[in-house]
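Residue indices begin at 1 and follow the sequence shown. Just so you know, these numbers use all the heavy atoms, side chains as well, and skip hydrogens, waters and symmetry mates. Whatever order the structure lists ligands and atoms in, that order sets their numbers, starting from 1. All values reported here derive from a predicted model rather than from experimental measurement.
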Amino acid sequence: MAKSLEQMQEEIDIWAHQFEKPYFSPLSMVATMAEELGEVARVVNIIYGDKNKKDSETLKSLEEELGDLMFTIICLANEEDISLSNAHELKLSKLYGRDNNRFNKAKK
Ligand SMILES: [Mg+2]
């Protein structure tokens with residue numbers, strides 16, 4: 001069964017709290033998030049874009065890189081005491097509210 005966002009945040013929080021300093025500073029976490037986003041971009045660029053993998057390079061899967069990126073998002077949310085489930089609800093309310101007619105809808 002799939003884990004909820006709350007479960008994922010709690011699992012990472014438990015893991016992080018085994019360390020003296022559970023989370024990096026927010027600025028370092030954002031920098032780490034940018035690094036991981038770059039790794040996602042690199043995989044997508046090699047799969048779909050014009051770049052070729054270096055001979056010496058071992059490319060991780062897009063799944064693994066998305067997991068790395070998600071981890072950094074969860075760490076920042078945890079450190080800032082933000083519920084990603086609430087953040088998701090806020091986003092959904094924008095999608096169905098403010099942005100409801102922003103994009104052409106599929107014909108039914
Ligand atoms: Mg990565």
Side-chain angles (χ1 to χ4, degrees):
M1 188 172 170
K3 290 176 183 172
S4 69
L5 281 171
E6 286 86 356
Q7 287 171 312
M8 289 189 274
Q9 284 192 253
E10 187 178 350
E11 282 178 350
I12 289 176
D13 202 50
I14 289 167
W15 171 84
H17 276 88
Q18 68 185 308
F19 303 108
E20 208 169 273
K21 184 177 188 300
Y23 296 105
F24 292 161
S25 70
L27 283 172
S28 289
M29 284 195 279
V30 170
T32 303
M33 198 181 294
E35 288 178 22
E36 294 299 348
L37 177 60
E39 291 171 8
V40 168
R42 179 154 185 81
V43 171
V44 172
N45 199 17
I46 287 170
I47 295 171
Y48 299 106
D50 297 328
K51 265 193 160 174
N52 294 324
K53 186 174 81 58
K54 293 173 194 157
D55 288 340
S56 61
E57 186 176 17
T58 305
L59 203 63
K60 290 202 280 186
S61 69
L62 181 57
E63 179 183 43
E64 189 172 353
E65 293 298 1
L66 285 172
D68 290 349
L69 181 60
M70 192 165 74
F71 172 79
T72 66
I73 292 169
I74 290 172
C75 285
L76 181 59
N78 283 356
E79 195 276 336
E80 291 293 305
D81 204 23
I82 289 168
S83 158
L84 286 173
S85 183
N86 286 347
H88 172 70
E89 292 304 320
L90 284 171
K91 181 60 182 178
L92 265 188
S93 71
K94 284 192 280 188
L95 292 173
Y96 284 108
R98 182 193 70 188
D99 297 339
N100 196 38
N101 295 311
R102 191 170 168 198
F103 303 104
N104 292 336
K105 294 188 174 161
K107 310 252 186 280
K108 290 182 181 171

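The nearest N/O/S atom of E39 to the Mg ion (ligand 1) is OE1. Its N, O or S atom nearest to the Mg ion (ligand 1) is what matters here, and for E65 that atom is OE1. Of all N, O or S atoms in D68, the one lying closest to the Mg ion (ligand 1) is OD2.
Taking 4.5 Å as the limit, every side-chain heavy atom of T72 sits out of range of all side-chain heavy atoms of M29.
The two atoms that bring E79 and F24 nearest to each other are CG-O, 4.3 Å, heavy atoms only.
Not one N, O or S atom of E35 sits under 2.8 Å from the Mg ion (ligand 1). For a distance bound of 2.8 Å, the N, O or S atoms of E36 include one lying that close to the Mg ion (ligand 1).
In this structure, the separation between CE on M70 and CG on L84 is 9.5 Å, given to the nearest 0.5 Å. Separation of atoms CG (L76) and OG (S28) is listed at 11.0 Å; rounding is to 0.5 Å.
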Practice problem: Could you check V43 against I46 for side chain to side chain contact (heavy atoms under 4.5 Å, CB included), going step by step and ending with a plain yes or no? | Solution: CA-CA 5 Å; V43 171; I46 287 170; 6.0 Å; no
